[in-house]
Amino acid sequence: MTDFFEHLNQIPTTLGPIEKEYWEKQHKWAYDQIASKITDDHIIDLGCGCGLLGIYLVYINKVKTATLYDGI
């Protein structure tokens with residue numbers, strides 16, 4: 001499986017790229033901790049921001065689907 005981080009910085013965006021060290025310390029570790037607690041096949045992420053957590057959980061096959069919502 002290709003590394004999620006490799007895919008992450010290939011997405012066209014006006015934001016700057018995420019550095020690998022930042023991803024691993026600030027996102028991946030926390031997301032893996034959350035993933036270890038999930039027992040359902042679907043999550044709902046309210047206030048998801050850019051949706052990175054939900055996308056990551058689907059990518060690593062922790063959940064089958066994710067509903068992502070971020071208010072205006």
Side-chain angles (χ1 to χ4, degrees):
M1 178 192 312
T2 303
D3 186 66
F4 181 75
F5 177 78
E6 292 176 28
H7 288 292
L8 181 61
N9 283 325
Q10 293 177 4
I11 299 170
T13 178
T14 57
L15 302 172
I18 294 177
E19 297 294 326
K20 187 161 188 151
E21 182 177 346
Y22 177 78
W23 160 251
E24 290 174 350
K25 287 185 178 179
Q26 301 297 324
H27 292 282
K28 185 178 185 315
W29 179 86
Y31 291 178
D32 286 339
Q33 294 301 305
I34 293 167
S36 72
K37 306 292 184 199
I38 294 175
T39 58
D40 294 323
D41 286 338
H42 178 78
I43 61 153
I44 299 173
D45 186 355
L46 302 175
C48 68
C50 66
L52 193 56
L53 172 60
I55 294 166
Y56 179 68
L57 294 173
V58 171
Y59 182 84
I60 64 169
N61 295 313
K62 184 60 184 177
V63 297
K64 292 180 182 176
T65 57
T67 299
L68 309 174
Y69 180 78
D70 197 57
I72 296 174

Query raised in the report: Is the gap between the ring centers of Tyr56 and His27 under 6.0 Å?
Result: no

Requested in this report: Check whether any side-chain N or O of Lys62 sits under 3.5 Å from a backbone N or O of Ile38 as a donor-acceptor pair, and report yes or no.
Outcome: yes

Query raised in the report: Should we count CD of Gln33 as having more than 12 external heavy atoms under 6.0 Å?
Result: yes

Query - Thr67 side chain near His42 side chain, heavy-atom distance below 4.5 Å - result: yes

**Report entry** Separation of Tyr31 OH from Glu24 CD (nearest 0.5 Å)
**Finding:** 14.0 Å

Query raised in the report: Considering the options Ile43, Asp45, Leu52, Thr65, which one meets the side chain to side chain contact (heavy atoms under 4.5 Å, CB included) requirement together with Leu57?
Result: Ile43

Query - From CG (Leu68) to CG (Asp70), nearest 0.5 Å - result: 9.5 Å

Report summary line: Taken in chain and number order and not counting sequence neighbours, the residues that satisfy side chain to side chain donor-acceptor pair (under 3.5 Å) with Lys28 are Asp32

Report task. Look up atom CG in Leu46 and atom OH in Tyr69, then write down how far apart they are to the nearest 0.5 Å. Result -> 8.5 Å

Requested in this report: Report whether Trp29 and Ile18 are members of the same hydrophobic cluster (ILVMFWY, side-chain heavy atoms less than 4.5 Å apart, transitive linking).
Outcome: no

